[in-house]
Structures are given as C-alpha cells and as structure tokens.
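For reference, the structure is listed below as structure tokens.
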Amino acid sequence: MILPRSERRPVERWALGTLLARLTVGIACSGLLAGCGLFGSHGGKAGPKPTVGPDSANSGTLGGPGAEPSDSSSLSIPFPEVVDSAAGKSDSAFLASLSTGLSVGDSSDSTRDWALPQTPVRPASKFGLSGSRPEGILQRPRPQGLPGQIHVLLSRSAKPLLFYSLGDMQILAEPVGAGKTAANTGLAVRLAILKGRFLLRRSGGGFSIEQARKDPIITSARGLRLISLNPYNLVDMGSGVYRGSLHILGEANGEISAINVLGVEDYLRGVLPYELGSVDREALEALKAQAIVARTYAYKRMLRPGSAPFHLYSDVQDQVYKGVRGEYLLSDRAVWETRGMAVTHADTLALCYYFSTCGGRTAAKDEVWGGEPVPYLVSRPDTNDFGDSYCIASKYSSWEESWSAPQLSGILRRNLRSAGVADYPSFSILKGIEVAQRASCGRIRVLKLSTDRGPILVKGDKVRWALRPSANEKKILPSASFDVKLAGGRVSVNGKGYGHGVGLCQVGSIGRARAKQNYREIIEAYYKDVKLVEFK
C-alpha cells in the first residue's frame with residue numbers, strides 16, 4: 001500500500017534538531033512542554049525509505065499474496081485506555097486541556113502507579129484550526145467499543161531486542177498464566193525503572209533484562225510492558241523510534257513479539273510518510289485524504305472481534321508504520337486537520353483499500369478478489385476532462401515486461417502455486433498464452449496458459465504472482481491490467497498501473513489535489529456514495 005520509491009520525494013534530514021528536541025524532552029517538565037507545545041514531533045527521519053516492490057503496493061490490505069482481505073478477527077485490549085490526541089473531546093474541551101497540561105496518573109494509588117501516562121496532545125497553535133474543511137462532514141459520537149489506543153505489531157523474532165530510552169522507563173511484568181490478552185492489568189508487577197541502553201532476551205519461559213555494569217533482571221513472566229514515566233519520552237527499539245509504550249510477549253516457539261501501543265493520531269503520523277511519501281504543499285489535500293482513509297482502515301481493524309494481542313501489522317500486510325523517523329510537518333498537519341475523521345457507507349465504517357497507480361480506472365473489489373460485490377468498491381474512472389489519467393505522472397502509468405518462452409515456462413512452474421493454482425499438470429513447454437476474460441475495468445479476470453500437458457487457468461489479481469519479472473522473481477507484476485502476446489519465441493506484456501486497483505489511487509489522489517480538489521472530493525471520487533464523518 002505504499003508508493004514505489006520512484007514516486008516519492010525524500011524527506012529532509014533534520015538531525016541536529018532531532019537531537020536537541022530529544023535532549024530537551026528528557027530534561028524539561030511535561031507541564032511546561034504541554035503549555036508551549038514545542039516537542040510534538042521528533043523532527044525528521046533517519047535512514048532511507050523502505051525498498052518498495054509490487055508486493056507492498058498491492059498486498060498492503062491483503063491477508064497474503066493475492067488473497068481476499070480478511071475482516072474476521074480482532075483483539076482484546078490488555079493496556080489501560082489513554083487519551084488519544086483529542087479523541088472523545090469537543091474542540092473546546094480539547095483546547096482547554098492544552099493550557100492546563102494533562103495528568104500522568106496518581107502515583108498515590110498503588111493499584112495504578114504503573115498506569116500509562118496521558119498521551120500529549122498537539123497544540124492548536126502548531127497548525128491553527130483554519131485548514132480547509134469541505135461542507136457535508138457529519139459529526140458522530142465515537143463508535144461504541146472503539147479502543148482509545150491502537151496496538152501495532154512491530155517485530156516478531158527470536159533475536160534479542162535492544163532498547164534505548166533517554167528518560168526513565170518502567171518495566172512491568174505480567175503475572176504468569178495471565179495470558180496474552182489478560183485485562184487484569186492491576187496484577188502487573190514493577191520489575192525496574194531503567195533508562196539508557198538495555199537488552200531484552202528470552203530466558204527459559206520468561207525474559208532476561210540486561211544493562212551494562214548491572215546484574216541482569218530475570219523474570220518468568222511471559223509478557224512485559226515498557227512504559228515511560230515522561231509522556232514525551234521517545235523509545236528506540238532496534239533501528240526505530242516510537243511514541244507510546246511497548247508490550248513485549250514471549251511466544252511458545254522462543255520468539256519475542258514487540259507491540260507498540262499508542263494513540264491512533266500519533267500512529268498515523270508514522271504511517272503517512274511511508275504510505276504516500278513526502279509531498280509538497282500542493283498535494284496537502286491528498287495527504288489529508290490518505291490520513292482519513294488510513295484512519296478508517298485502522299478503526300475497522302480495531303473494532304474486529306477476537307482475541308489476538310495486536311490490531312495491525314506494521315508492514316504491507318496492513319499499513320506501513322515506522323514510528324517517528326519519517327514524520328514531517330506537512331503530513332503531521334494532514335493528520336491534525338482531519339483528526340477523528342473516517343469514511344462510512346450506510347452508517348458503517350467503510351473497507352478503505354488503496355494502492356499506488358490505477359492507470360485511468362480503478363477496479364471493483366469482487367472482480368479482483370472474488371466474493372460478493374461491495375457497493376462502494378466498484379470500478380471508477382480516474383481521468384480529467386481531457387481524458388488524461390490523474391496518475392499519469394507515475395512511471396507505472398505504463399510499463400512492459402518480456403520473457404523467452406522457456407524462461408517464462410520455468411517462472412510459471414515455480415510460481416503457479418503461489419498464484420493460487422493448487423493443481424496443475426507438470427508441463428515442460430508453454431505453447432500459448434491469452435486473456436480468456438477481462439473485468440469491467442480492463443484488468444485480467446482469467447488468463448489461459450496453453451502447455452504441452454493441457455490448459456492452465458490463472459484468475460484475477462493472482463496473475464501477478466504467476467508471471468514474475470525475469471530480472472527479479474521476488475517481485476510480482478505491477479498490475480493485472482495488461483495485454484499479452486507470444487511471438488517469435490518471446491512473451492511480451494504491455495501494462496498500466498501498480499497495485500491491486502481497489503479503492504483509492506494514491507498517485508491519482510496527488511494529481512487530483514494538484515487540480516485543486518479537496519480531500520472530500522478525492523475520497524468520493526474513489527469510493528462510491530460514501531460519507532465523511534468526524535467522531536467526537
């Protein structure tokens with residue numbers, strides 16, 4: 001669901017500002033910071049944007065390669081609730097809280113002395129309240145059962161985790177036998193208060209917490225919570241820097257799961273730079289549209305019933321989230337000026353899928369993944385009054401690929417199973433290839449392969465997993481919208497678009513923003529008959 005690297009402009013590096021901000025955060029009192037609002041952002045990025053292949057642009061909302069997105073499971077919330085960037089408050093109450101600062105809990109209450117501090121809110125003076133606001137945005141109460149925090153899986157590995165915290169951090173142990181989804185947080189035991197660099201590794205069925213020149217802390221607990229005493233403190237884990245708190249779980253196979261727990265608005269600040277990239281001010285409305293769509297997607301996941309310990313993955317299985325490092329001012333502004341807004345259809349949160357480049361027309365959900373049609377996820381034109389696609393600036397507005405017939409035969413044999421073809425004859429020679437059926441948007445619905453052992457049918461978006469590029473089989477084809485021919489012993493395809501094609505076209509949204517469309521017009525262009533709501 002993220003744009004290809006070539007479609008994004010780099011975010012400027014502000015290393016010195018970042019260092020000064022974090023040093024000041026560590027020594028200033030939280031009440032003063034809440035009043036002046038200087039340190040709501042980490043200040044820059046470190047390291048390059050992630051390498052983006054077709055899998056990321058197309059499978060960001062999928063359960064696996066070519067699979068239909070699943071919306072059937074969800075999670076309990078083992079952490080206490082936290083105020084989330086004005087969620088649940090009216091503007092007047094929210095602004096009033098800025099002048100007084102936010103409570104970080106009552107340490108005199110022994111059952112709550114480990115409680116999460118309130119998430120610091122972004123001051124109104126940072127961006128002002130005068131951002132463009134289209135008419136027709138409905139105000140609604142916050143959905144019943146919507147958690148105040150989002151739980152995002154950052155890592156799952158058997159390797160030890162390295163942390164760094166400038167400020168004091170509480171290490172809390174969950175009681176043995178409490179289980180991953182235990183809600184009885186009052187039984188958590190404080191193991192230590194640490195700052196600086198420390199290592200966490202599995203030890204037997206529990207954990208070992210290690211810091212230089214100190215004896216390791218050994219616990220049999222299967223779960224730990226890492227909670228900063230200062231709500232403005234940022235926590236390094238590996239190469240990432242994160243707001244909020246961390247929930248660490250010991251898996252039965254010896255792996256460690258690290259889950260970031262934070263407010264939705266702060267989560268989105270770490271999503272937009274990697275899903276839409278760094279854009280200029282002319283594309284601000286596209287950033288706002290992306291913020292609303294990504295928030296809706298997150299809300300939908302947060303409301304799923306179930307018992308898993310997290311709501312979303314931090315990679316292309318859901319939405320790419322990398323914490324503080326990629327944040328920049330314009331994307332923060334887009335989150336701020338659309339805070340609490342989501343997309344609905346028939347008073348229900350919409351399934352807001354999105355992708356990189358449509359090539360002039362989006363796809364219907366049922367034509368790409370099968371299943372029943374979704375009334376707002378239908379094929380929609382994405383061209384201006386002159387017939388040009390709004391995503392024409394993308395290098396993937398047109399593309400081509402070719403193979404020799406023997407080369408493609410080998411690629412097909414290796415990849416047909418991942419393309420959803422469970423049973424196929426053990427063929428040697430590809431004798432022909434043709435489009436047997438197209439969807440209404442022009443994407444391939446059925447691709448017929450003629451071999452020396454009979455025909456093989458590949459269906460829908462899964463053709464992208466079968467016809468892998470010859471230069472790198474780890475990638476898949478940019479899209480399923482292409483023409484194909486076999487001549488002179490070579491197979492060639494000419495295509496357009498990048499991604500599955502369902503929902504919002506990200507490069508198209510940038511083109512629409514440059515054409516002076518606002519975020520409501522952009523969203524309504526890609527999702528039919530939807531309404532924008534603002535949850536209060």
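In plain terms, the two heavy atoms of Arg464 and Gly499 that are nearest each other are NH1-C, 3.6 Å. Of all heavy-atom pairs spanning Ala419 and Lys462, the tightest one is O-CB, 3.1 Å. Closest approach of Leu349 to Ala342, counting heavy atoms only: CD2-CB, 3.8 Å. The shortest non-hydrogen separation linking Leu272 to Ala334 is CD2-CB, 4.1 Å. Considering every non-hydrogen atom in both Ile411 and Ala466, the closest pair reads CG2-O, 3.6 Å.
In this structure, Asn230 CG and Met169 CE are separated by 10.5 Å, a value rounded to the nearest 0.5 Å. Ser228 contributes atom OG, which lies 9.0 Å from atom CG of Asp168 (distance to the nearest 0.5 angstrom). Rounded to the nearest 0.5 angstrom, Tyr274 OH and Leu276 CG are separated by 13.5 Å. A distance of 11.5 Å separates CD1 in Ile209 from CG in Leu161, rounded to the nearest 0.5 Å. The CH2 atom of Trp465 lies 15.0 Å from the CD atom of Glu473; values are rounded to the nearest 0.5 Å. Here Thr219 contributes atom OG1 and Ile171 contributes atom CD1; the two are 11.0 Å apart, rounded to the nearest 0.5 Å.
For the pair Arg333 and Trp336, the cation does not sit on the ring face, since its NZ or CZ is not both under 6.0 Å from the ring centre and inside 45° of the axis. Under a cutoff of 6.0 Å and an axis angle of 45°, Arg201 and Phe207 do not form a cation-pi pair.
In this structure, His345 and Tyr376 have tilted ring planes: the angle between them lies in the 30° to 60° band. Using bins of under 30°, 30° to 60° and over 60° for the plane-to-plane angle, the ring pair Tyr242/Tyr321 lands in the tilted bin.
A donor-acceptor contact closer than 3.5 angstrom is absent between the side chains of Asp236 and Ser165. A donor-acceptor pair shorter than 3.5 Å can be found between the side chains of Ser257 and Glu251.
You'll find the side chain of Leu200 stays beyond 4.5 Å of the side chain of Ser208, heavy atoms only. Within the 4.5 Å cutoff, the side chain of Pro373 has no heavy atoms near those of the Lys365 side chain. Counting heavy atoms from C-beta on, the side chains of Trp369 and His500 come closer than 4.5 Å.
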Inset, instruction - Evaluate side chain to side chain donor-acceptor pair (under 3.5 Å) for Gln290 paired with Ser509, printing each intermediate quantity in order. - result: CA-CA 9 Å; Gln290 178 71 63; Ser509 72; 5.9 Å; no
Inset, instruction - Test salt bridge (charged side-chain N to carboxylate O under 4.0 Å, His left out) on Lys536 and Glu534 and set out the steps. - result: CA-CA 6 Å; Lys536 289 290 190 179; Glu534 180 181 9; 3.3 Å; yes
Inset, instruction - With side-chain contact (heavy atoms from CB on, under 4.5 Å) as the test, would you mind laying out the steps for Ile256 and Arg156 before giving the verdict? - result: CA-CA 5 Å; Ile256 303 173; Arg156 181 177 280 162; over 6 Å; no
Inset, instruction - Please step through side chain to side chain donor-acceptor pair (under 3.5 Å) for the pair His247 and Glu174, ending with a clear verdict. - result: CA-CA 10 Å; His247 192 189; Glu174 291 182 344; 2.8 Å; yes
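The environment of CG in Asn253 is crowded: more than 12 heavy-atom neighbours from other residues, nucleotides or ligands sit within 6.0 Å. Within a 6.0 Å radius of CG in Asp423, no more than 12 heavy atoms belonging to other residues, nucleotides or ligands are found.
Remark: of the listed residues Gln319, Arg295, Arg243, Gln319 is the sole one forming a side chain to side chain donor-acceptor pair (under 3.5 Å) with Tyr267.
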